[in-house]
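To start, the structure under review is shown below, and the notes come after it.
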Amino acid sequence: MSQQPLLSVRDLAVDLHLAGRALRVVSGIDLDIGRGETFALLGESGCGKSMTALALMRLLPDVGAIAGGHVRLDGEDILARPEALMRELRGQRMAMIFQEPMLSLNPVMTIGSQIGEVLTEHLGLSEGAAAVRTIELLQSVGIADPVRRINEYPFQLSGGMKQRVMIAMALAGEPELLIADEPTTALDVTIQAQVLDLLKRLQAERGMSLLLITHDLGVVANMAHHVAVMYAGQVVESGTSAQVLHHPRHPYTRLLLNALPEVTGPNQRLATIPGQVPPLDGGIAGCRFAPRCSWVQDACHSQAPEWSGASRDGIRCPHADTLPPLPEALRSMNPAASGTPQPPLLQLQDVRVHFPIRAGLLRRQVGAVKAVDGVSLSIPPGRTLALVGESGCGKTTVGKAIVRLNTLTGGDISFQGRDWSGLQGEALRARRNQVQIVFQDPYASLDPRMRVADILMEGMTALGVGNSPADRLKRVDRLLDQVGLPSAARWRFPHEFSGGQRQRIAIARALAVEPRLIVCDEPTSALDVSVQAQILNLLKDLQDELGVAYLLISHNLSVVEYLAHEVAVMYLGRIVEQGEAKLVLKRPQHPYTQALLSAIPRVDIARQPQRIVLAGELPSPADPPEGCHFNPRCSYADRTCRQAYPGSVIADGRAVSCHHMVLTGGAYVAAPVKPALAPDN
Amino acid sequence: MITYIIRRLLYAIPILIGVNLITFALFFVVNTPEDMARMALGMKRVTPEAIERWKAERGYDKPLLYNAQKDGPRKFTETIFVEKSAAMFAFDFGQADDGRDIASEIRTRAGPSLAIALPVFVVGLVTMISVALLMVFFRATYVDTSGVVLCVALMSISALFYIIAGQYLVAKVWRLVPISGYSGSWDALRFLMLPVVIGVVSGIGAGARWYRTLFLEEINREYVRTARAKGLSELQVLFRHVLRNGLIPILTASVAAIPLLFMGSLLTESFFGIPGLGSYTIDAINHQDFGVVRSMVFLGSVLYIVGLVLTDISYTWADPRVRLE
Amino acid sequence: MLPFKPALLWTDLLMFVLVLALLAVTWHIRRREHLAAPWRKVAMSRAGMASATLLALFAGIGLLDSLHYRPALPDEPVAAASKAAAETRYAVELRSVLDLLLDPLPSQVETTYSAPLATRAFNKTVIEGDEGTQRDYPRLRYGGAHLADDRGGVAADVAGRALSGALGGLAAGLGALALLALLLSPRRALERVLAWVTGNGHDAVHWAAWTLLGVTTLGGVLAALASGYHVFGTDKVGQDVLYQILKSIRTALVIGTLTTLVTLPFGVVLGIAAGYFRGWIDDLIQYLYTTLNSIPGVLLIAAAVLMTQVYMDTHPESFETVTARADFRLLFLCLILGITSWTGLARLLRGETLKLRELEYVQAAQAFGVSSWSILGRHILPNVMHIVLIALVMDFSGLVLAEAVLSYVGVGVDPSMISFGTMINSARLEMAREPMVWWALAAAFVFMFVLVLAANLFADAVRDALDPRTRVRGVA
């Protein structure tokens with residue numbers, strides 16, 4: 001980089017003072033961000049990337065403090081500015097957007113006044129001029145009908161719209177640098193695609209610098225020119241994003257990339273990074289990654305590695321260039337068992353789960369949220385069916401219906417050929433061990449007041465698995481061993497474990513009663529990539545070993561690709577496409593599946609399909625659109641689509657519900673229809 | 001919205017019936033009118049005639065629930081339950097032991113009660129919010145810590161102490177205002193000043209401390225960080241963003257208390273000799289005038305329910321997210 | 001042939017049940033690291049430790065005052081004569097161990113008012129002396145009675161007693177610390193005591209030690225003075241005010257703690273049942289507490305207490321002694337206070353349970369077919385326990401203050417029972433006297449303030465430690 005960088009950070013250190021101890025959460029960061037550049041700061045949770053971002057804005061929480069270093073904006077050290085002058089920079093030269101758009105907007109102020117505040121404060125606009133400018137800003141971030149929107153409150157907007165408003169607010173002061181802290185992590189993948197496109201466009205239009213804080217390697221690949229990888233409060237590697245993502249040098253970056261199902265491919269074991277991030281309360285003598293590194297050498301434990309290379313293109317590992325390649329996958333996974341079709345283990349027939357909406361004087365039912373509206377599925381024994389879709393599509397409700405945690409409004413479920421949804425009372429309880437569930441959030445799914453052994457034995461006791469307490473305790477040991485935890489763990493409490501370990505305990509709890517089917521509800525979405533790999537490997541191993549079937553509920557298609565034999569894509573309470581995983585994910589037929597797949601940011605940009613941008617967001621299941629539910633967002637939609645819900649047809653070896661499947665040479669394919677509806681934003 | 005209010009008001013009916021049944025049970029079933037008469041007239045040497053007369057004077061000489069001597073619907077209407085308890089739904093409270101009509105007494109006494117309670121409420125709210133904001137602005141400094149300690153100390157002092165010490169110092173030693181009394185005209189200001197000040201001071205500790213935590217909770221929210229990231233000053237953040245959100249629970253909780261202001265304050269009114277409903281209640285308790293106590297219980301419940309409905313309505317007004325349906 | 005006969009009042013019994021329950025809970029918590037950890041945070045809080053020490057001392061006094069007995073009456077000549085009636089006769093009046101310890105303070109009754117540390121009465125009366133009758137301030141029967149000359153020697157005597165009392169108290173405090181240290185670790189006891197006293201520890205325990213030393217020193221002064229004077233004066237009937245203050249402590253503690261015994265089952269069971277089962281159970285419980293809440297608290301209490309009064313007056317045969325009668329009324333007051341105050345806790349727990357029931361570990365238990373009551377007991381209850389504890393310690397101070405107000409209104413404890421409320425109530429009329437009789441009122445307010453302040457500070461420390469969000473909820 002020839003010219004002077006816009007933002008130059010040298011040796012930045014941040015301390016958090018918690019419970020009387022100082023944690024050095026950021027220790028000695030160097031960054032150089034050029035003008036008009038997108039710079040990604042990549043790292044897993046707890047690596048200090050958000051604290052770095054907040055420190056740059058000098059917005060650290062009360063317990064945090066900048067412990068040293070310089071931050072130069074255009075050559076001026078902004079850490080030396082008094083607070084009053086710092087305010088002139090915030091919102092004007094540097095702006096920031098945050099991860100949770102729903103929490104980051106003031107709930108009781110109209111969005112117009114929240115944006116207008118920046119304009120009157122920094123640009124000195126009058127109220128009227130500010131209103132005009134606000135409307136322009138909202139237009140530029142793709143919000144339809146901005147004149148009406150300025151008088152609305154945040155709760156009246158969807159998540160994606162809120163993030164657009166946040167972006168408009170950040171742009172209001174015409175900043176030179178925009179810091180985006182995980183801007184799309186809380187959003188669905190199709191909305192994420194919209195927001196990322198918007199950021200890319202705005203950045204190019206305005207020539208602004210963008211500091212993108214993210215954990216998502218795919219987002220980095222698609223957005224960033226340059227990337228710095230953080231681990232345990234330090235930058236371990238930096239370079240252009242193509243260079244870092246395709247030719248990673250630092251062991252951490254290498255393992256991280258190989259932990260991605262997308263990079264590894266479905267029939268191989270994922271690389272895992274054992275252990276966890278070391279505590280940051282000082283006393284780390286050697287390399288911070290040494291305890292988890294596959295190539296670790298003796299010197300690594302005692303000698304802290306120095307940074308080598310330029311600040312924008314270097315690495316913190318002296319051995320990086322002499323490391324042998326990562327051993328090929330330890331063993332190839334069993335190819336998906338095929339051949340003899342087996343009778344299904346579980347079968348859903350036209351299942352409906354509606355939640356009544358009551359209103360009026362007598363609380364009469366005036367409508368229903370049709371969370372699940374006619375879903376038919378079947379899962380063969382020992383196989384994995386993935387149910388994919390955006391949040392709010394009803395996939396979790398299907399999962400809970402299968403575990404009998406809610407009541408069906410219609411349809412029925414059979415298990416091993418026998419009635420399942422009709423079972424009640426004792427009859428149900430006697431068979432509850434057959435179907436179990438693993439939840440998304442490992443922090444909410446284990447009772448903090450119970451010890452691991454009690455957690456694992458709760459189900460055994462309730463369902464009469466095991467003959468005696470001693471026998472059950474023996475089973476506890478075996479289960480812990482199966483999920484890769486030491487048996488010493490049994491008398492400990494959940495808070496003593498990390499997220500990944502907790503998820504192992506949750507899996508062990510489900511396994512404890514020897515189920516034939518486990519519903520895995522987003523089992524890895526709360527976990528970091530490296531931990532996700534461990535859990536995915538574990539799930540796969542357990543299936544091979546025990547022959548248990550999974551219903552995998554996920555929005556993460558690369559996880560699905562890795563684990564699932566079959567895939568069902570759900571949209572607004574119904575299945576729109578269903579078939580063998582390879583077929584559906586490689587050659588999606590339904591326009592929604594196509595859009596969904598294209599929206600995932602791939603690490604390998606060469607494999608990134610042409611982005612199909614979906615207009616708008618998921619409609620409310622209380623009031624689904626007439627005709628095909630997908631028609632308002634579909635670029636193929638025509639009159640038929642707006643009138644009737646399409647029936648299911650077999651096309652290219654899978655079931656698809658779309659009016660535009662036409663028969664060509666024995667197989668249905670999507671009819672090449674011109675887009676009838678231009679995306680409006 | 002209208003449907004919602006109607007539904008809430010309908011919901012009030014079973015609650016009032018419940019209150020009515022509880023008071024009926026408490027006053028007439030646990031102890032019979034006979035017992036009450038005995039106690040009112042003195043335990044010893046009470047002739048049965050005197051008891052009968054006492055009961056007849058108050059209309060307690062009828063059966064509780066079922067009057068076998070009458071016929072038709074009057075078997076049920078000419079009972080203590082209908083005449084004394086159910087009648088309250090028509091705000092027919094009957095007479096006090098001194099023969100005065102309770103309903104008209106309540107009407108005349110509500111004025112003085114409000115004259116104390118309303119200023120205490122308004123001035124108190126403003127003071128507590130200001131003190132709380134001050135502590136929040138100086139949070140994590142010694143201003144804040146000493147403020148909290150002071151609040152805890154203030155709320156550890158008995159309300160009786162505030163009144164007695166206030167009366168002693170201000171009225172007796174300094175002779176700034178009269179010790180007690182009331183007058184109907186503007187002259188009342190002289191009498192009201194001290195009780196109002198005492199009322200405000202005695203509530204400040206608990207209130208300010210609670211509001212401070214409400215504000216602190218808001219100040220740690222993410223939208224506040226957004227506001228700071230916009231480059232707003234701490235004062236702008238506090239007044240434009242934090243105050244607006246923090247006030248929602250404060251206002252709605254306060255609205256619930258407004259109707260109950262009519263009930264007056266028991267302690268203040270009796271200490272300062274103000275002829276309001278609070279002192280009326282205390283007198284009734286001391287004279288064991290059950291009719292008045294029952295009426296005040298019913299009135300209090302009605303006002304409480306009005307407060308509940310007002311709270312819900314105030315939510316829609318204060319918080320755009322809440323839509324009643 | 002005991003020289004006394006133990007007597008157990010209902011409130012005594014319940015107080016000791018409460019103490020046992022507290023010990024059991026402590027034992028339970030100590031064995032579980034995750035439960036003990038937040039309490040260790042309380043131990044780190046200076047105000048928390050100091051206030052806990054004060055509260056423990058108050059509790060000690062209250063418990064000593066809850067050990068009641070009936071002393072044997074001196075054998076009457078007739079009874080002694082007839083050997084057949086070997087039965088000892090016991091006094092009707094109950095005494096407590098505290099009375100025994102304070103002896104002879106309870107019986108040192110003057111004729112009427114006297115100021116703190118006075119040697120002469122507050123009012124002039126006609127004295128018949130050697131030089132005929134004259135109106136003067138008569139010497140007190142007990143206050144300063146040991147002095148030959150009460151005009152000149154008082155100051156010196158008081159100072160001397162105070163000094164020796166302070167030294168004695170300090171020594172006693174140090175002795176208590178040493179004993180405690182010996183019990184905790186016999187080998188390093190001296191080291192420990194030194195650390196406590198010099199404050200070299202890294203936690204707040206030395207604050208507790210300092211508080212203890214401060215209180216014992218002050219207690220020593222009071223005790224030394226009380227042996228010769230009425231430290232806080234006497235009231236209208238000549239009762240020593242210090243004695244009344246010490247007796248009031250038990251009443252305050254009973255009200256503050258036993259009420260929670262009533263609150264707890266209602267609040268916990270109904271609160272979590274409403275939140276967990278929803279539906280008609282929720283509707284019913286909500287209806288119940290809205291109804292109870294809608295009745296103005298003071299009036300409900302007044303009505304209930306008036307009704308008990310009627311009951312007690314019409315059934316005099318049920319109560320053996322005046323004390324038993326007063327105790328019944330006290331117990332009933334706790335009951336009715338509990339009934340009016342469980343609603344706040346129930347509402348709080350209902351809200352929390354509504355959140356918990358949607359949590360995934362509850363759903364996991366449901367997926368195992370675990371019964372609802374097991375889920376309530378195993379998952380919900382332990383996870384709302386911190387709220388219950390916070391609510392309990394927060395309620396205590398409010399209840400102590402409420403007792404004073406209720407007794408003032410006339411619907412509190414029995415007028416014959418000594419409490420802060422009855423003391424204030426009977427003393428407030430004396431404010432109008434010239435010169436003013438201020439000591440009883442002042443003493444009552446100061447001690448009540450210290451008790452309530454300690455309770456509030458302790459509650460704050462507990463809340464900070466237990467509440468994950470560390471915030472005050474609008475506890476009604």
Side-chain angles (χ1 to χ4, degrees), chain B residues 11-12 14-19 22-23 26-27 30-31 34-36 38-39 43 148-149 152-153 155-161 164-165 167-168 172 209-210 213-214 216-217 249 253 260 263 266-267 270-271 281-282 284-286 288 290 293-294 296-305 308, chain C residues 47 287-288 290-300 302-311 313-314 316 397-398 400-401 404-405 408-411 420-421 424-425 427-428 431-432 436 438 441 444-445 448-457 459-460 469-476:
Chain B
Y11 182 59
I15 290 178
L16 286 177
I17 292 176
V19 170
I22 291 175
T23 44
L26 213 51
F27 283 88
V30 176
N31 293 287
E34 195 99 356
D35 295 331
M36 287 190 275
R38 235 177 249 286
M39 189 164 123
M43 294 309 290
V148 173
V149 170
V152 175
M155 63 187 274
S156 303
I157 297 174
S158 168
L160 291 165
F161 177 81
I164 293 176
Q167 261 186 338
Y168 174 73
K172 201 169 161 192
R209 197 174 74 127
W210 182 38
T213 53
L214 288 178
L216 276 186
E217 200 174 301
L260 289 170
M263 297 289 287
L266 297 183
L267 291 183
S270 83
F271 267 100
T281 315
I282 285 229
I285 292 172
N286 286 333
Q288 307 187 334
F290 302 114
V293 175
R294 266 188 305 123
M296 295 308 289
V297 167
F298 190 77
L299 184 66
S301 308
V302 171
L303 293 174
Y304 176 84
I305 290 162
L308 283 188
Chain C
Y287 166 73
L288 201 64
T290 314
T291 307
L292 267 179
N293 244 3
S294 76
I295 303 176
V298 184
L299 285 174
L300 187 62
V305 169
L306 284 183
M307 288 304 127
T308 359
Q309 199 60 42
V310 174
Y311 175 82
D313 287 348
T314 48
S397 55
V400 174
L401 290 176
V405 172
Y408 166 76
V409 177
V411 294
F420 290 127
I424 293 169
N425 194 22
R428 76 193 161 89
M431 293 290 289
M436 202 175 55
W438 50 269
L441 211 53
F445 277 131
M448 193 159 78
F449 173 69
V450 172
L451 174 61
V452 173
L453 184 64
N456 275 331
L457 289 176
D460 268 12
R469 283 159 296 173
T470 305
R471 49 168 282 212
V472 193
R473 275 165 256 253
V475 183

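A note on names: the letters A, B, ... follow the listed sequences, proteins ahead of strands, and every chain is numbered from 1. Just so we're clear, the structure is a prediction, and the values are computed from it rather than from any experiment.
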Using non-hydrogen atoms only, which part of [X] is less than 4.5 Å away from chain C: side chain, backbone, both, or neither?
| X | answer |
| --- | --- |
| B:Pro14 | both |
| B:Met155 | both |
| B:Leu308 | side chain |
| B:Ile285 | both |
| B:Thr281 | side chain |
| B:Leu26 | both |
| B:Tyr11 | side chain |

Are side-chain heavy atoms of B:Ile282 and B:Asn286 found at a separation under 4.5 Å?
yes

Given side chains that start at C-beta, do those of C:Asp460 and B:Arg209 come closer than 4.5 Å, heavy atoms only?
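C:Asp460 vs B:Arg209: side chains touch.
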
[X], part contacting chain B, at a heavy-atom distance under 4.5 Å:
| X | result |
| --- | --- |
| C:Ile424 | side chain |
| C:Leu401 | side chain |
| C:Val400 | neither |
| C:Val411 | side chain |
| C:Leu441 | side chain |
| C:Phe445 | side chain |

Top contributor to chain B contacts, counting heavy-atom pairs under 4.5 Å, from C:Leu457, C:Thr290, C:Val452:
C:Val452

Using a 4.5 angstrom heavy-atom cutoff, name the option from C:Gly398, C:Ala303, C:Ala454 with the most pairs to chain B.
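Result: the option with the highest number of such pairs is C:Ala303.
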
How close do C:Pro296 and B:Ser301 get, heavy atom to heavy atom, and via which atoms?
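Closest approach of C:Pro296 to B:Ser301, heavy atoms only: CD-N, 4.1 Å.
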
Should the ring pair B:Phe271 and C:Tyr408 be called parallel, tilted or perpendicular, given that the plane angle runs from 0 to 90° and is split at 30 and 60?
parallel

